Amino acid sequence: MTITDPNAVDVNDPDRILEITRANVDPDEVVHAVKDNADALFTWDYTKGQRAALDKLYEKAKTSQWNGSTDLPWDTEVDLEKFEPTLDPLEQAYYFDNPESPIYNMDQATRDELNMESFKWLLSQFLHGEQGALLCTAKIVETVPWIDAKYYAATQVVDEARHVEVFSRYINEKLDGGYGINTHLGVLLDDIINDSRWDMTYLGMQIMVEGLALAAFGFMHQTTNEPLLKQLLRYVMSDEARHVAFGVLSLQEVYESFSAAEIRERQEFAFDSALRMRDRFLRQEVWPEFGVDTREMVKFQLEMPWEMKAFQRLLFAKIVPNCRKLGLLDAGDGWLRERFTEIGVIEYEHYEDTSDEYESFEIGSDLENEESGSNT
Ligand SMILES: [Fe+2]
Ligand SMILES: [Fe+2]
């Protein structure tokens with residue numbers, strides 16, 4: 001199901017965004033079924049290492065496993081009264097110090113509560129996204145025709161189970177519970193699983209959802225002072241960087257053989273996903289809890305000057321260079337370049353892509369050594 005006509009969509013129309021919110025709400029849902037239309041493929045060609053880059057990634061994954069139960073300092077006390085969630089100071093100023101803001105008059109105690117709830121909401125979306133990755137990658141094991149990719153994807157399934165486990169435990173033990181899935185994220189995950197074309201699972205999950213997660217975890221890891229969350233994110237990022245690389249390395253080969261029309265479909269899917277991921281951060285599920293009009297708040301957030309949206313822009317810092325690496329930005333008439341320009345994220349096109357970057361995210365790498373001894 002494509003929810004927008006990507007050629008005609010008004011990207012900043014709050015009613016378009018809220019329409020999706022209303023269409024996908026069932027607060028009592030415990031199990032959610034999605035039709036998976038893809039064929040499961042056996043391959044009888046077991047020759048390992050035909051795709052050297054994927055084979056290298058698989059070997060790396062086997063020696064990079066960690067244990068979510070024992071490698072993280074779960075006895076760390078997280079005092080919710082003193083805990084300051086990771087927030088973007090520019091966004092904070094826009095919401096609370098701007099007379100035009102619907103929450104300008106909010107008292108300090110309610111602001112603190114809103115910030116805490118927003119943080120729980122954000123981490124909850126990461127949790128649900130991790131489960132999306134778990135299901136999508138299990139699907140890739142079935143649908144990808146190459147043995148090296150099946151091997152690698154199998155290691156990613158274990159990684160994602162661990163990520164679901166640690167985010168869930170953190171939210172339930174340290175934050176007193178979280179939120180249900182955001183509607184935009186939910187619709188996107190449904191669409192990725194629903195699609196019958198196996199390369200679309202990679203594009204939707206490994207390139208778009210995980211590309212965004214890698215950037216978001218990086219931001220949160222740098223800015224949080226809570227030692228357990230900091231370490232949890234560091235471990236998760238070391239896996240996520242491999243996952244995004246898996247997407248880039250696999251799709252590069254597939255796209256080489258695609259027709260212009262097939263590539264255009266992937267460009268449209270990438271834009272549609274990017275838009276839904278931008279819209280998923282508008283916190284529609286949080287505003288009603290504080291008696292704030294959701295439409296007014298969504299509209300106000302969309303009107304935020306782009307230079308103030310440090311966090312939102314950063315979310316695209318991996319997606320855009322990876323789309324460029326895959327040739328999606330400029331294929332055909334450069335349709336995706338125009339759309340990414342329109343939503344203000346084209347500035348990232350020359351950032352480092354993730355096909356090799358995963359090695360710098362390894363636990364024990366220089367990135368880790370720069371930190372101030374948070375390992376236990
Ligand atoms: Fe993950
Ligand atoms: Fe992942």
Side-chain angles (χ1 to χ4, degrees), residues 53-54 57-58 60-69 71-72 122-144 149-171 178 181-182 185-186 188-189 192-193 198-221 228-251 273 277 280 315-319 322 353-363 367:
L54 294 183
L57 206 56
Y58 173 53
K60 181 70 73 182
K62 286 191 287 186
T63 56
S64 304
Q65 298 293 306
W66 48 280
N67 186 334
S69 303
D71 287 339
L72 291 174
L122 182 62
L123 278 192
S124 302
Q125 302 320 315
F126 290 147
L127 166 65
H128 302 310
E130 293 293 355
Q131 188 182 170
L134 175 65
L135 269 61
C136 281
T137 311
K139 175 172 170 165
I140 289 177
V141 173
E142 292 187 337
T143 57
V144 70
K150 285 184 189 291
Y151 288 159
Y152 179 75
T155 69
Q156 188 180 335
V157 171
V158 181
D159 293 349
E160 302 301 358
R162 186 168 54 230
H163 299 175
V164 175
E165 174 200 343
V166 296
F167 274 111
S168 172
R169 182 168 175 183
Y170 189 86
I171 289 166
I181 190 166
N182 165 263
L185 177 60
L188 175 60
L189 294 178
I192 295 169
I193 291 173
W198 64 263
D199 69 285
M200 288 297 204
T201 323
Y202 273 107
L203 178 59
M205 180 48 64
Q206 269 74 7
I207 303 299
M208 305 303 292
V209 177
E210 298 192 284
L212 181 141
L214 186 57
F217 294 163
F219 177 86
M220 200 177 264
H221 174 260
L228 171 57
L229 181 63
K230 200 178 185 69
Q231 196 163 342
L232 184 157
L233 290 167
R234 181 67 187 85
Y235 271 83
V236 171
M237 282 165 66
S238 70
D239 295 338
E240 293 303 344
R242 280 196 310 274
H243 304 170
V244 181
F246 178 47
V248 176
L249 294 169
S250 301
L251 290 182
S273 309
M277 286 197 294
R280 76 182 246 204
L315 294 173
F316 290 88
K318 303 290 180 194
I319 289 174
N322 287 330
D353 69 71
T354 319
S355 53
D356 294 319
E357 200 190 20
Y358 66 90
E359 286 172 309
S360 67
F361 280 88
E362 267 182 74
I363 300 291
L367 193 72

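These figures come from a predicted structure and were not determined experimentally. Below, all heavy atoms of this structure are taken into account, side chains as well, without hydrogens, waters or symmetry copies. Whatever order the structure lists them in is the order used to number ligands and atoms, beginning at 1.
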For this session: To 10°, measure the ND1(His243)-the Fe ion (ligand 2)-OE1(Glu240) angle for me.
Result: 100°
Exercise. Taking atom CD of Glu165 as the centre, does the number of heavy atoms from other residues, nucleotides or ligands within less than 6.0 Å exceed 12?
Worked result: yes
Seminar exercise, completed: In His163, the N/O/S atom nearest the Fe ion (ligand 1) carries the name ND1
Exercise. Heavy atoms, side chains only, cut-off 4.5 Å: are Val244 and Lys318 in contact?
Worked result: no
Exercise. Side chain of Thr201, backbone of Trp198: donor and acceptor closer than 3.5 Å?
Worked result: yes
Exercise. Which of these passes side chain to side chain donor-acceptor pair (under 3.5 Å) with Trp66: Asp159, Asp71, Asp239?
Worked result: Asp239
For this session: Return yes when at least one N/O/S atom of Asp239 is nearer than 2.8 Å to the Fe ion (ligand 2), and no when none is.
Result: no
Exercise. Can you check whether Ala61's main-chain N or O pairs, donor with acceptor, with Gln65's side chain at less than 3.5 Å?
Worked result: yes
For this session: Answer yes or no as to whether an N/O/S atom of Glu210 is found below 2.8 Å from the Fe ion (ligand 2).
Result: yes
Exercise. Restricting to N, O or S atoms of Glu160, which is nearest to the Fe ion (ligand 2)?
Worked result: OE2
Exercise. Considering only N, O or S atoms, which atom of Glu130 is nearest to the Fe ion (ligand 1)?
Worked result: OE1
